[in-house]
2 protein chains.
Amino acid sequence: MGREEPDIPEARLIPEATVARLPLYYRALLQVADQAIDTVSSEQLAELAGVNAAKVRKDLSYLGSYGTRGVGYDVDQLVREVSRELGLTRDWPVAILGLGNLGRALANYRGFSARGFRIVALVDADPAKVGERVGDLTIEPVDGLRAIVDERRVAIGVIATPADSAQAVADRLVAAGVRAILNFAPAVVVVPPEVSLRKVDLATELQILSFYQQHGRRARDGAGV
Amino acid sequence: MGREEPDIPEARLIPEATVARLPLYYRALLQVADQAIDTVSSEQLAELAGVNAAKVRKDLSYLGSYGTRGVGYDVDQLVREVSRELGLTRDWPVAILGLGNLGRALANYRGFSARGFRIVALVDADPAKVGERVGDLTIEPVDGLRAIVDERRVAIGVIATPADSAQAVADRLVAAGVRAILNFAPAVVVVPPEVSLRKVDLATELQILSFYQQHGRRARDGAGV
DNA sequence: AGACGCTTGTGACCGCGTGCACAAGCGCGG
DNA sequence: CCGCGCTTGTGCACGCGGTCACAAGCGTCT
């Protein structure tokens with residue numbers, strides 16, 4: 001696995017596995033905060049996040065020492081700390097590329113905006129779709145992508161196109177200056193080293209499940225490359 | 001990480017990380033087969049699947065020795081072997097639970113049926129939705145779930161409900177005999193040990209991306225718990 | 001003030017997964 | 001029939017991640 005140079009002054013480099021769990025803790029913390037509870041133990045958080053308590057403590061210790069021995073963690077402080085770390089205090093304008101079934105669902109999905117990711121543009125290559133309204137946005141042509149990204153400060157591109165357009169769209173996004181991409185298309189997409197890329201493939205998930213069913217084994221939660 | 005008893009006679013237990021990559025190889029192999037190419041090297045497969053060649057060889061070696069030194073892998077044979085291993089030669093009837101935006105998109109998504117996962121039921125708790133047609137299926141009430149699972153041999157349940165209904169729906173699925181669940185709801189779902197569970201959380205993915213943007217680091221492909 | 005209970009933070013160990021590098025082996029050409 | 005080139009299959013070493021178990025430390029009660 002490629003290690004990166006320690007070009008960040010930050011002393012404590014948070015492990016990738018921990019980063020992947022921070023959103024779980026964040027969700028759990030919001031639940032707790034909702035109940036007006038002001039202190040949680042690693043045990044309780046572990047329960048809510050569906051992980052092991054020791055892991056919770058070690059993960060949180062990478063953020064700094066925000067717990068009190070004998071007491072637990074201050075919920076408000078931890079929420080602030082985790083959301084700061086996850087970058088949720090900033091604004092991350094999102095563009096959705098490709099408005100087939102999946103793209104439309106994502107455009108309407110509350111889970112995005114709910115957590116502070118604002119969808120600011122819907123883009124599709126099909127002229128027949130351009131101009132159509134979805135939610136409270138209008139579908140725009142791909143040619144305008146660069147201008148859209150510039151003007152609306154698009155930070156994250158979500159690819160929901162068919163597999164064979166995915167790479168082309170990714171290239172356009174990168175050319176327009178987008179440095180973070182979430183790919184839903186069932187295709188391998190290659191981006192330059194400075195661009196972050198994550199992928200979600202629905203068919204892959206089902207295939208992993210069927211593998212384990214077939215073999216009488218049990219699939220564990222995680223996903224993987 | 002929980003190890004399971006070796007209750008399968010199969011000598012070679014395929015590592016979880018390899019299982020997660022088999023769908024990638026499968027997709028790559030289909031691409032190659034489409035071009036009427038009958039032999040591929042691990043190098044080529046690696047390129048198409050977006051992984052390292054050594055990893056491809058090691059992964060494929062878990063399935064058995066289906067390559068020829070100096071030549072490569074026979075595409076047809078490998079396609080057969082991988083699909084057999086993934087259980088794609090069987091029928092895996094899928095039920096979708098919850099028909100909001102996401103559920104409807106999944107119901108219409110071609111990526112599912114394309115790879116042999118047949119959607120056989122759409123279920124929603126909202127009486128207002130029951131009876132409505134989506135694609136060529138009709139939304140049915142949750143009360144009928146057990147009967148539906150029995151009659152249509154549902155093997156995989158896809159949860160696309162709001163977070164607060166996810167656990168209840170999962171419990172019903174398990175009670176009805178479903179042993180594999182794919183959860184799209186942003187909630188922790190607990191199931192008995194004999195049930196496979198994987199999760200996909202869209203908001204989590206975005207949060208991971210924003211973390212890396214925030215820190216000037218680069219997110220790698222994988223996902224994780 | 002001192003002791004006790006509870007919870008954090010972390011040192012240590014262990015196992016999986018990764019990548020390198022090479023030996024084994026197949027096929028072709030001379 | 002022998003040698004050469006190419007590609008697989010794998011032994012090995014290393015590092016990340018997970019878990020245990022315990023010391024450190026806070027608060028409370030007597």
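By convention in this document, chain letters (A, B, ...) are assigned in the order of the sequence lines, proteins followed by strands, and residues within each chain are numbered from 1. As the structure is a prediction and not an experimental result, all values here were calculated from the model.
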Self-check item: hbond_proxy Lys58(B) side chain to dG19(C) base (donor-acceptor, 3.5 Å cutoff)
Solution: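 Result: at least one qualifying N/O pair found.
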
Gap between atoms [atom1] and [atom2], on [X] and [N] respectively (whole Å):
X: Asp59(A); N: dT19(D); atom1: CG; atom2: C1'; value: 13 Å
X: Arg21(B); N: dC16(C); atom1: CZ; atom2: P; value: 15 Å
X: Gln44(B); N: dT7(D); atom1: CD; atom2: C1'; value: 11 Å
X: Glu43(A); N: dC6(C); atom1: CD; atom2: P; value: 13 Å
X: Arg57(A); N: dA21(D); atom1: CZ; atom2: C1'; value: 10 Å
X: Leu13(B); N: dG17(C); atom1: CG; atom2: C1'; value: 15 Å

Exercise. With a 4.0 Å heavy-atom cut-off, tell me which residues in residues 62-80 of chain A come close to DNA chain C, sorted by residue number.
Key: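 Those residues whose heavy atoms fall under 4.0 Å from DNA chain C, taken from residues 62-80 of chain A in numerical order, are Ser65(A), Tyr66(A), Gly67(A), Thr68(A), Arg69(A), Gly70(A), Val71(A), Gly72(A), Tyr73(A).
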
Quiz item: Side chains of Arg57(A) and Ser42(A): is there a donor and an acceptor less than 3.5 Å apart?
Solution: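 Yes, a side-chain donor-acceptor pair sits under 3.5 Å.
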
Exercise. Using distance alone, with no hydrogens and no angle criterion, decide if Glu81(A) and Tyr66(A) have a side-chain donor and acceptor under 3.5 Å apart.
Key: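 On atom types as modelled, these side chains qualify, holding a pair under 3.5 Å.
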
Quiz item: Looking at Ser42(A), does any N or O in its side chain come under 4.0 Å of the phosphate oxygens OP1/OP2 on dT8(C)?
Solution: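 Yes, such a contact exists.
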
Donor-acceptor pair, [X] side chain versus [Y] backbone, under 3.5 Å?
X: Thr18(B); Y: Ile14(B); result: no
X: Arg104(B); Y: Leu99(B); result: yes
X: Arg179(B); Y: Ser196(B); result: no

Quiz item: How would you list, by chain and number, every residue that makes a ring pair (Phe, Tyr, Trp, His ring centres under 6.0 Å) with Phe211(A), sequence neighbours excluded?
Solution: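 In terms of ring pair (Phe, Tyr, Trp, His ring centres under 6.0 Å), with neighbours along the sequence ignored, Phe211(A) is linked to His215(A).
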
Quiz item: Who are the ring pair (Phe, Tyr, Trp, His ring centres under 6.0 Å) partners of Phe184(A), not counting sequence neighbours?
Solution: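 Here no residue qualifies.
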
What's the closest nucleotide to the [X] side chain, out of [options]?
X: Asn52(B); options: dT8(D), dG19(C), dG17(D); answer: dG19(C)
X: Ala17(B); options: dG17(C), dG19(C), dT8(D); answer: dG17(C)
X: Lys55(A); options: dT8(D), dA21(D), dG18(D); answer: dG18(D)

